[in-house]
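Working notes, beginning with the structure itself.
Along the sequence shown, the residues carry numbers beginning at 1.
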Amino acid sequence: MIRGRLAVSLLAVAFVFVPSAAAGPGKVETASKGNVTATFSYTKTGDFNYSGVHLKIVRAGQTVLDAGLPKSDCGYCDAQPFSVVEGSGKSVRLVDLDGSGEPEVIVDLYSGGAHCCVYSYIYRYTGSSYARAKHLWGNPSYSLKDLDGDGKPEVLTNDDRFAYTFTAYAFSVDAIQVLQYRNGHFVDVTRKFPSLPRNEGNQLWKSYLKDRNTKDFDPRGVLAAYVADEYQIGQGAKAWQDLVQAYHEGRVNNIFGLGTTGRRYLDQVRKTLKAWGYIRGALPPLPAA
C-alpha cells in the first residue's frame, strides 16, 4: 500500500489542464441504510467551483439535519465532491463504523491543490441530532474493510505526515495505517494487523535494494517508512541497523532536494517516529559522529 505518486501526479495534471466547464444542472446523490437516508446535493459552477453543497439526513421519517457544508481546508475553495474528482462512485454513504447498529453518514470531499487533500465529514447520531467530525486523509485517501471479521470495518490508509517530512514530496513514502472508529473518533490499531506493515516493510526494503544505486534516487522517504513499518511489528532494532548501515555507506548523505542528510537525518527519523508513536520506549542510539 505504497503511496501512488504517479496517480496523484496525474490527478494534479487533470486539474491543471481540464478545459473550462460551463455551469451544469444540480446533482443529487442519495444513500440509505435502515431507517436513515442521506441526500447530498451540489451544483458545479466552474472547473473547481461548486455552489449549494448541501446535506440532508432523514431518520425514521424525520429530518434531523438539513444544512450546507463549509468551504474546504484552503479557506476559500469550495468543497469539491470526491465522486466528481475520482470520476466514479458516490461522495456520500452510510456505514455502521462502530457496530452500534446506527449507521454513520460519511461525506467524502476534496480540497483542491496539486498534492492535497481528501477529507471526510463523519456524522454520528447522538440520540437527538447529528454530531459532525472531520478527518483529513491527505493524499492517500482511504478504504474500508473488515479485517478481523467482527462485523465492524477497519479503515485502511497511509500516514500522510510522512509527506515532505524527510524529503521532497516525489520521494516521500507514507507508512501503512489501520484505524478503527470508536466513540466518535478514529484510533490507530495498525499493530493489531501485523501482516500489513510486515508486507509493506518487505516491499519497501526490496525497493530500496533495487534502486539504491540508481542515479537521482533519494532513499530517505523509503527508508523512513520502512523503519516505521518494522517498529510496528517489533523489528525496529534490526530496521534501525539497516538505516545506520545505509548511513555508513553514504546513501543518505549529501542528497539533492529538501530535508536533512547524514547523521542529522538519522536523528530526525528517530525523534519523529518517537513523536508519532512508532517508536515506543528508548530512542535507538545514533552512530558515532
Is the cationic atom of R132 (NZ for Lys, CZ for Arg) positioned less than 6.0 Å from the six-membered ring centroid of Y121 and within 45 degrees of its normal?
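Yes.
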Has K134 got its NZ or CZ under 6.0 Å from the middle of the six-membered ring of Y119, at an angle within 45 degrees of the ring axis?
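Output yes; distance and angle both within limits.
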Specify the closest pair of heavy atoms between [X] and [Y], including all atoms of both residues, with the distance to one decimal.
| X | Y | answer |
| --- | --- | --- |
| K33 | L94 | N-CD2, 3.6 Å |
| A175 | A225 | N-CB, 4.1 Å |
| G201 | D229 | N-OD2, 3.7 Å |

Counting C-beta onward and ignoring hydrogens, is there a side-chain heavy-atom pair between [X] and [Y] closer than 4.5 Å?
| X | Y | value |
| --- | --- | --- |
| V155 | Y181 | no |
| D146 | E154 | yes |
| L97 | I106 | yes |
| L223 | W205 | yes |
| K56 | D66 | yes |
| R212 | P219 | no |
| T126 | S128 | yes |
| V107 | Y123 | yes |

Side-chain donor or acceptor of [X] paired with backbone N/O of [Y] under 3.5 Å:
| X | Y | result |
| --- | --- | --- |
| E29 | K90 | no |
| S141 | V118 | no |
| E104 | I122 | no |
| R270 | P284 | yes |
| D96 | S100 | yes |

Show me the donor-acceptor pairs within less than 3.5 Å that the side chains of residues 188-197 make with the rest of the protein, sequence neighbours left out.
from, atom 1, to, atom 2, distance (Å)
D188, OD1, T190, N, 3.0
D188, OD1, T190, OG1, 2.7
D188, OD2, Q177, NE2, 3.4
T190, OG1, V178, N, 2.9
R191, NH1, Q232, OE1, 2.7
R191, NH2, Y231, O, 3.4
R191, NH2, Y278, O, 2.8

Look at the aromatic rings of [X] and [Y] and report parallel, tilted or perpendicular, splitting at 30° and 60°.
| X | Y | answer |
| --- | --- | --- |
| W276 | F166 | perpendicular |
| Y164 | Y169 | tilted |
| Y125 | Y130 | tilted |

Pair up each side-chain donor or acceptor in residues 239-250 with any protein partner under 3.5 Å, not counting sequence neighbours, and list the distances.
from, atom 1, to, atom 2, distance (Å)
W240, NE1, P285, O, 3.0
D242, OD2, Y226, OH, 2.5
D242, OD2, K238, NZ, 3.1
Q245, NE2, E249, OE2, 3.1
E249, OE1, R251, NE, 3.1

What distance separates L258 CG from T165 OG1, expressed to the nearest 0.5 Å?
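So the CG of L258 and the OG1 of T165 are separated by 11.0 Å.
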Between CG of L266 and OG1 of T261, what distance do you get to the nearest 0.5 Å?
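That separation rounds to 10.5 Å.
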Under 3.5 Å, is there a donor-acceptor pair between the D108 and S120 side chains?
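Short answer, yes.
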State whether a side-chain donor-acceptor pair under 3.5 Å links Q80 with Y42.
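No.
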V105 and L136: same hydrophobic cluster, using ILVMFWY side-chain contacts below 4.5 Å?
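They do share one cluster, since a chain of ILVMFWY contacts under 4.5 Å joins V105 to L136.
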Should we say atom CG of D150 is surrounded by more than 12 heavy atoms from elsewhere, each under 6.0 Å from it?
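Result for CG/D150: enclosed.
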Among R264, R263, K271, which residue meets the salt bridge (charged side-chain N to carboxylate O under 4.0 Å, His left out) test with D267?
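Answer after filtering R264, R263, K271: K271.
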